[in-house]
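In what follows, a single structure is set out as structure tokens and then discussed.
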There are 2 protein chains.
Amino acid sequence: MPDIKHFDPDAALETVVRLFWRQGVASTGIQDVVTATGLNRSSLYATFGGKQELYLAALRRYVEQRSRPVFRRLAEDERGLPAIAEFFAGLIDARCSGEYAGWGCMVSNAHAGADNSDPEVRAVLDRHHEELRDAMHAALVTARAQGQLVPGCDPRAAADVLALLAYGVNLRSRAGADARDLSRTVTAALASLGGPAAA
Amino acid sequence: MPDIKHFDPDAALETVVRLFWRQGVASTGIQDVVTATGLNRSSLYATFGGKQELYLAALRRYVEQRSRPVFRRLAEDERGLPAIAEFFAGLIDARCSGEYAGWGCMVSNAHAGADNSDPEVRAVLDRHHEELRDAMHAALVTARAQGQLVPGCDPRAAADVLALLAYGVNLRSRAGADARDLSRTVTAALASLGGPAAA
DNA sequence: TGCAACTGGGAACGACCGTTCCAAGATAGC
DNA sequence: GCTATCTTGGAACGGTCGTTCCCAGTTGCA
């Protein structure tokens with residue numbers, strides 16, 4: 001057997017995720033990647049292929065590591081509306097403070113960039129949206145079963161609304177929107193679903 | 001008096017708007033601008049300055065020509081909820097069909113790009129958001145005066161929700177979201193404001 | 001120990017980036 | 001027609017882009 005890799009591809013990809021997440025693909029050069037990861041151009045191209053493939057890998061990793069676990073937690077939460085409220089609270093917290101403050105959501109950012117012309121990127125975007133919507137829908141169905149929703153509320157439609165609302169939060173947070181403003185807005189949206197007795 | 005300009009700066013800037021709107025700043029080169037506008041590098045730099053200034057001018061033009069008139073129409077519309085419904089219908093129509101289908105909103109796109117690090121760009125974004133929110137608020141106040149809103153509905157909070165929803169529409173439309181899906185979602189959101197008797 | 005396989009360092013590629021500069025052309029007042 | 005002033009065409013700048021290539025270094029197996 002020949003020589004083995006001298007670095008951890010997974011850790012390197014995580015570094016790349018943060019790079020593309022914060023700056024976008026178009027504004028991030030290969031040199032930036034080389035500098036940030038510390039690994040060589042040769043190793044980079046041998047491991048991940050070209051820039052577009054690297055971006056796609058980073059985007060997929062973002063969804064798997066960052067989005068999907070949160071969606072799963074939301075979908076499996078048995079509390080109903082409080083679960084949705086907690087989802088948004090966590091979202092706003094992650095977007096507005098801590099290490100990733102002002103970075104928005106990598107998938108939301110990808111929507112707005114020139115990246116989405118790539119069919120493979122587009123597929124990741126659509127899948128992500130579908131999963132977010134489904135998780136929201138599951139939580140809403142749970143909420144309805146517990147009598148938390150106003151009578152006329154359709155969980156499917158409400159899930160769509162909340163999913164789009166999440167994108168709005170992601171977008172505005174990247175421009176430095178105030179966390180309390182966003183929280184207040186989300187709270188109002190949830191209140192309209194649950195009536196006066198919302199959690 | 002010396003020689004005069006051989007081109008129309010306003011028409012040229014409109015061409016630039018479409019270029020940046022569709023592709024984003026980072027993915028658009030000066031060469032693209034030169035090719036699309038047909039005018040020379042010298043004229044370009046003499047008239048608009050560098051790339052960043054050109055982008056800022058284009059972004060401001062977009063807001064003035066595309067966003068602001070729509071906001072004004074919404075704010076001044078005396079019908080209440082139907083005015084908001086029409087706003088969203090026009091938005092979805094513009095985003096999903098016609099010349100600009102799949103382009104999203106230039107301001108929404110700017111949120112997600114690396115552009116917003118520029119304070120002047122950021123200011124345009126914040127101002128745009130404020131104006132959208134205010135227009136929405138005005139329409140909601142009108143709606144409430146006509147008894148179209150459910151009793152507990154706060155126009156200020158509802159305006160925030162609808163503004164974020166608009167960003168969500170813009171974002172998803174850029175990934176090719178179906179117009180009918182978006183319409184259905186928006187209709188559901190408006191229905192939750194107006195109760196069973198919504199227009 | 002020699003071979004084969006794969007690594008990493010780093011130079012180099014052509015193309016394009018945003019920007020600048022200069023000479024030629026055009027216009028208005030004298 | 002001359003001059004002054006501005007515009008325009010286009011070459012050219014240094015730098016960076018994404019990508020490729022080669023060579024030395026390192027490892028495991030025969």
Side-chain angles (χ1 to χ4, degrees), chain A residues 1-60 110 113-121, chain B residues 1-60 110 113-121:
Chain A
M1 213 201 292
D3 196 0
I4 215 168
K5 272 198 201 324
H6 296 182
F7 65 96
D8 179 8
D10 210 55
L13 190 54
E14 173 59 27
T15 303
V16 175
V17 165
R18 301 183 191 207
L19 223 50
F20 284 148
W21 181 4
R22 182 161 38 114
Q23 317 183 28
V25 209
S27 304
T28 305
I30 291 292
Q31 182 57 46
D32 297 334
V33 176
V34 168
T35 303
T37 60
L39 51 85
N40 197 273
R41 286 182 141 76
S42 308
S43 315
L44 215 168
Y45 275 84
T47 307
F48 300 107
K51 190 187 186 184
Q52 186 62 21
E53 291 165 289
L54 179 60
Y55 172 66
L56 198 55
L59 189 64
R60 287 187 172 129
D115 333 331
N116 64 6
S117 55
D118 184 334
E120 303 201 64
V121 171
Chain B
M1 213 201 293
D3 195 359
I4 215 167
K5 271 194 197 330
H6 296 183
F7 65 97
D8 178 9
D10 209 57
L13 190 55
E14 172 60 27
T15 303
V16 175
V17 165
R18 301 183 190 206
L19 222 48
F20 284 148
W21 181 5
R22 182 160 41 114
Q23 316 184 30
V25 209
S27 304
T28 305
I30 291 291
Q31 183 56 48
D32 296 334
V33 176
V34 168
T35 303
T37 58
L39 51 85
N40 195 273
R41 284 183 143 78
S42 307
S43 313
L44 215 168
Y45 275 83
T47 308
F48 300 106
K51 190 188 185 184
Q52 187 61 22
E53 292 164 288
L54 179 60
Y55 172 66
L56 198 54
L59 189 64
R60 287 186 172 129
D115 334 330
N116 64 5
S117 54
D118 184 335
E120 303 201 65
V121 171

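Keep in mind the model is a prediction, meaning the values are calculated, not measured. Computation of the quantities below employed the complete heavy-atom set of this structure, encompassing side-chain atoms and omitting hydrogens, waters and symmetry-equivalent molecules.
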What about A/R41, does its side chain sit under 3.5 Å from the base of D/dT19 through a donor-acceptor pair? yes
Minimum heavy-atom separation for B/A58 to B/V16, with atom names? CB-CG1, 4.2 Å
Taking CG from A/L39 and C1' from C/dG9, how many angstroms apart are they, rounded to a whole number? 12 Å
For DNA chain C, which residues in residues 5-31 of chain A have a heavy atom at a distance below 4.0 Å? A/K5, A/H6, A/F7
Could you name each residue pair satisfying salt bridge (charged side-chain N to carboxylate O under 4.0 Å, His left out) that touches residues 29-56 of chain B, not counting sequence neighbours? none
For B/P9 versus B/F48, what's the shortest heavy-atom pair and its separation? O-CZ, 3.6 Å
Any side-chain heavy-atom pair of B/L39 and B/V33 under 4.5 Å: no
Please collect all ring pair (Phe, Tyr, Trp, His ring centres under 6.0 Å) contacts where either partner lies in residues 9-28 of chain A, sequence neighbours excluded, each pair once. A/F20-A/Y55, A/W21-A/Y62, A/W21-A/Y100, A/W21-A/W103
B/E53 has an atom CD; how far is it from atom P of C/dG18, in whole Å? 14 Å
What residues in residues 42-50 of chain B put a non-hydrogen atom under 4.0 Å from any atom of DNA chain C? B/S42, B/Y45, B/G50
With sequence neighbours excluded, tell me which residues meet side chain to side chain contact (heavy atoms under 4.5 Å, CB included) with A/T15. A/A36, A/T37
Residues that B/R22 engages under side chain to side chain donor-acceptor pair (under 3.5 Å), provided they are two or more places apart: none
Mind calculating the distance between CG (A/N40) and C1' (C/dG9) to the nearest angstrom? 5 Å
Here the pair of heavy atoms bringing A/G50 nearest to A/Y45 is CA-CE2, 3.8 Å
